[in-house]
Amino acid sequence: MIHIPRAEYTRRRKALMAQMEPNSIAILPAAAVAIRNRDVEHVYRQDSDFQYLSGFPEPEAVIVLMPGRQHGEYVLFCRERNAERELWDGLRAGTEGAIRDFGADDAFPITDIDDILPGLIEGRDRVYSAMGSNAEFDRHLMDWINVIRSKAHLGAQPPNEFVALDHLLHDMRLYKSAAEVKVMREAARISCAAHVKAMQASRAGLHEFSLEAELDYEFRKGGAKMPAYGSIVAAGRNSCILHYQQNDAVLKDGDLVLIDAGCEIDCYASDITRTWPVNGKFSPEQKAIYEIVLASQEAAFAEIAPDKHWNQAHEATVQVITAGLVKLGLLQGDVDELIANEAYKAFYMHRAGHWLGMDVHDVGEYKVGGEWRVLEVGMALTVEPGIYISPDNQTVAKKWRGIGVRIEDDVVVTKQGCEILTGGVPKTVADIEALMAAAR
Ligand code: GLY
Ligand code: MN
Ligand code: MN
């Protein structure tokens, strides 16, 4: 299995600590277990920031980073080994495993955190944490601080500054290393295979969930634990619902089906959308819309390179889509004016992409100092223009209504431009029709 090597987690912790102010401490909790219903739990997924710094996959754990500490800069609080619990729920690293297998300099049982952590914080000037994102942990942190404050008369020195960790950490996460790109390529490769499988299986009379099953099968077979987000399998008019997830309608002859799905490998997401005709052959109207979306995506790729800013790719898609809709008579007027007054938003109401990484909508600022961010090597993003003609749109001829097309690929910015990670699934009308014909 392709995964992030242990040395990379060490490097990340060191890089973060190098950016922290002198005499400071960073504290991050693992994700909590989420209850699905009664005693049934959701599949556990580690918090992305916690995973990024540790690779430690268990709940009930806390990372403590103390740059410059003589007795070890990286302390991990985690669950102790417990034969009874491990019999029921699976193996735990325990404190020994945290040191041996996960590079902690020191490890303590999570049950001792209230006794130990105030002593680690005491005397440090600044505390870095993800303030505001985990109310329960914020309360704990204040409890630990108050323990120190209550001992001020004995000479204890509580920290005076509380700093959001997000800014430093999320900027680091925005730049993908070679190892991260490798994992993202693998997630993309498996997701491409899944889309191909779904395309080949597409038949009128099946359900949206029939194609979802093909995706899930390929994801799991490839070693992915789960999709990176709820798969969207939207046939016919459902393709015009941007976050459709019901996935239970019948696939009808003559309709399109839009699938937006990607798996996650070692906590790195892929995010692919393809749209194809259920019966394997585009109608003239479907093809006309599809070609505009595809051309707009090509125009966007050309705007992704180190010297371009974040919004240039989006602007390129708006230009091509608006001009295309005018040409088909779906919008009337001057292209520049239709862009200026945002008339295109009746058909294209979302942005052309987002950062991609450990979170499908990954962290990282889109603007810096009020200006669109300039792209740099290693940034990963999606390119996903679309046209959605509402089934209720009375301003267009009936034959156009209910057509929804999105095409989405994942890219990483390179010195020359960008690398498309998700090229392994057909995208042109001819290639999709050929693949589907061969599967019939
Ligand atoms: N699948 C979510 C997105 O495309 O942004
Ligand atoms: Mn996306
Ligand atoms: Mn998507």
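First listed ligand is number 1; within each ligand, the first listed atom is number 1.
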Over 12 non-hydrogen atoms of neighbours within 6.0 angstrom of NZ in Lys14: no

Is there an N/O/S atom in His354 that lies less than 2.8 Å from the Mn ion (ligand 2)? yes

Proximity flag Asp260 to ligand 1, non-hydrogen atoms under 4.0 Å: yes

At a non-hydrogen distance cut-off of under 4.0 Å, which region of Asp271 contacts ligand 1 (side chain, backbone, both, or neither)? side chain

Please give me the minimum heavy-atom distance between Leu165 and Ala26, naming the atom from each residue. CD1-CB, 4.4 Å

Centre-to-centre under 6.0 Å for His350 and Tyr388, is that the case here? yes

Check: Trp276 ring centre within less than 6.0 Å of Phe282 ring centre: no

Name of whichever N/O/S atom of Glu408 is nearest to the Mn ion (ligand 3): OE1

Polar contact flag, side-chain donor to acceptor under 3.5 angstrom, His243-Asp260: no

Of the backbone and side-chain N, O or S atoms of Asp271, does one lie nearer to the Mn ion (ligand 3) than 2.8 Å? yes

Any atoms of ligand 1 less than 4.0 Å from a non-hydrogen atom of Glu408? List them with their elements. 4 (O)

Tell me which one of Val293, Ile321, Thr322 satisfies side-chain contact (heavy atoms from CB on, under 4.5 Å) with Tyr348. Ile321

From the N, O or S atoms in Glu384, identify the one nearest to the Mn ion (ligand 2). OE2

Aromatic ring proximity, centroids under 6.0 angstrom, Phe137 and Trp144: yes

Can you tell me if Asp260 has an N, O or S atom under 2.8 Å away from the Mn ion (ligand 2)? no

Atoms of ligand 1 close to His361 [distance to a heavy atom under 4.0 angstrom, numbered from 1]: 2 (C), 3 (C), 5 (O)

